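Note that ligands are numbered from 1 as they come in the structure, with each ligand's atoms numbered from 1 the same way. Counting begins at 1 with the first residue of the sequence. All values reported here derive from a predicted model rather than from experimental measurement.
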Amino acid sequence: MNNNILTKIEDHIGVATLNRPKVLNALSSELMDELIEALESFDRDREVRVIVITGSEKAFAAGADIGDMAEASFLDMYEKNNLARWLKIKNVRKPIIAAVSGFCLGGGCELAMICDMIVASESAKFGQPEINLGIIPGAGGTQRLTRAIGKYRAMEVILAGKFLSAHEAFEAGLVTRVVSKERFYAEAMILAREIAKRPPIAVQIGKDAVSKALELSLNDGLEYERRVFYSLFATQDQKEGMKAFAEKRPAKFEGR
Ligand code: HXC
């Protein structure tokens, strides 16, 4: 472990902080290994109900580490297939909130977009500037950005290297909420605490069902939703939630 990622657990929230400040949290291969290990460990830990990924006030992450890639050949990239491991982040079942300030570029923007919600500081800058390096996004940028903001704005970001300010990103539907640069982490934690109070299995199944909306046809998605909806009636949290409502008291959810 090289401390490229700092982790802590607080109030049922697992926090992973990107920690390469000298290079604006460029996503080296080692950093990605550590991040995935941290996220998978949070996902296994019953104590953790929500995950927050953050960086510094100056940068969430300025992209993949360009130094790692500059001399690579097609064969190096193809054989290492480093980007395939990003699927492990997509497969995390607990909700992930990106708390973003400053530069959120290239692989950094793709990392934020794999998350389920993005709380952005007003100083955040989102972009996919890979085109300036002779490449295109490779960890979901062309797909997730297009789904989030539509083809015509995504083309400008990806082909012309346009950065989106936090407010532009919010208007375009890329960001959950914009807050002051002093408050981005605190507000992400407040949102995380709100979710952590909710029944954990229903939260995870809700994340799964919303995510399916981007992958399935409407009919398949509706059927999927119905099935997972019925399955929640097998949980104690459903019994507790409805009983607490009838008894006019707060529910006590235990993730069972
Ligand atoms: C490696 C990086 C880096 C990166 C910044 N640094 N971004 N190192 N990889 N992606 C380093 C700089 O070399 C510099 O190191 C230090 O961080 C501070 O950066 P500066 O450029 O001096 O800061 P500033 O002038 O404020 O400009 C900030 C910036 C610029 C606009 C964000 O750094 C920039 O354009 N970075 C590259 C952004 C980018 O192209 N991202 C896409 C990468 S490709 P020294 O040692 O000089 O102080 C990608 C592919 C994704 O992400 C594929 C899937 C993962």
Side-chain angles (χ1 to χ4, degrees), residues 2-6 16-40 53-92 96 98-115 118 120-149 153-166 168-169 174-175 181 184:
N2 292 317
N3 287 334
N4 290 304
I5 299 291
L6 307 177
T17 303
L18 313 189
N19 183 41
R20 297 186 76 210
K22 287 190 184 138
V23 287
L24 306 179
N25 293 329
L27 306 171
S28 62
S29 191
E30 297 74 34
L31 180 148
M32 289 307 299
D33 281 341
E34 288 175 45
L35 177 63
I36 289 166
E37 195 180 318
L39 298 177
E40 289 188 329
I53 302 179
T54 194
S56 67
E57 193 186 308
K58 188 158 182 217
F60 179 72
D65 193 310
I66 297 170
D68 279 359
M69 300 180 290
E71 299 301 325
S73 66
F74 162 74
L75 208 58
D76 295 332
M77 297 301 282
Y78 184 78
E79 287 187 344
K80 279 193 201 140
N81 197 16
N82 264 337
L83 295 178
R85 66 186 154 173
W86 285 60
L87 271 178
K88 294 182 180 172
I89 308 179
K90 176 175 183 273
N91 290 339
V92 168
I96 310 180
V100 173
S101 180
F103 296 111
C104 184
L105 304 176
C109 189
E110 292 171 303
L111 177 59
M113 289 192 291
I114 285 198
C115 297
I118 302 178
S121 123
E122 60 201 353
S123 72
K125 291 183 194 67
F126 297 85
Q128 299 287 163
E130 287 92 338
I131 200 73
N132 300 323
L133 302 169
I135 56 173
I136 64 166
T142 62
Q143 304 304 299
R144 291 200 176 89
L145 187 69
T146 307
R147 282 167 167 76
I149 71 174
R153 280 185 280 198
M155 286 289 187
E156 191 181 16
V157 173
I158 290 168
L159 305 187
K162 178 190 159 63
F163 287 0
L164 299 175
S165 70
E168 285 172 323
L174 180 60
V175 157
K181 70 177 190 299
F184 76 98

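- For K90, the salt bridge (Lys or Arg N to Asp or Glu O under 4.0 Å) partners two or more places apart in sequence, or in a different chain, are E215.
- For the pair T54 (side chain) and A99 (backbone), a donor-acceptor distance under 3.5 Å is present.
- Protein neighbours of ligand 1 below 4.0 Å, counting non-hydrogen atoms: K22, V23, L24, A26, A62, G63, A64, D65, I66, M69, L83, W86, F103, L105, G106, G107, E110, P129, E130, L133, G138, A139.
- Using modelled atom types, no side-chain atom of N19 and backbone atom of L6 make a donor-acceptor pair closer than 3.5 Å.
- Here the side chain of R147 pairs no donor or acceptor atom with the backbone of R144 at under 3.5 angstrom.
- Counting only residues at least two apart or in different chains, salt bridge (charged side-chain N to carboxylate O under 4.0 Å, His left out) contacts with residues 56-84 comprise R20-D65.
- Sequence neighbours left out, the pairs with a member in residues 130-139 that pass side-chain hydrogen bond (donor to acceptor under 3.5 Å, both in side chains) are Q128-E130.
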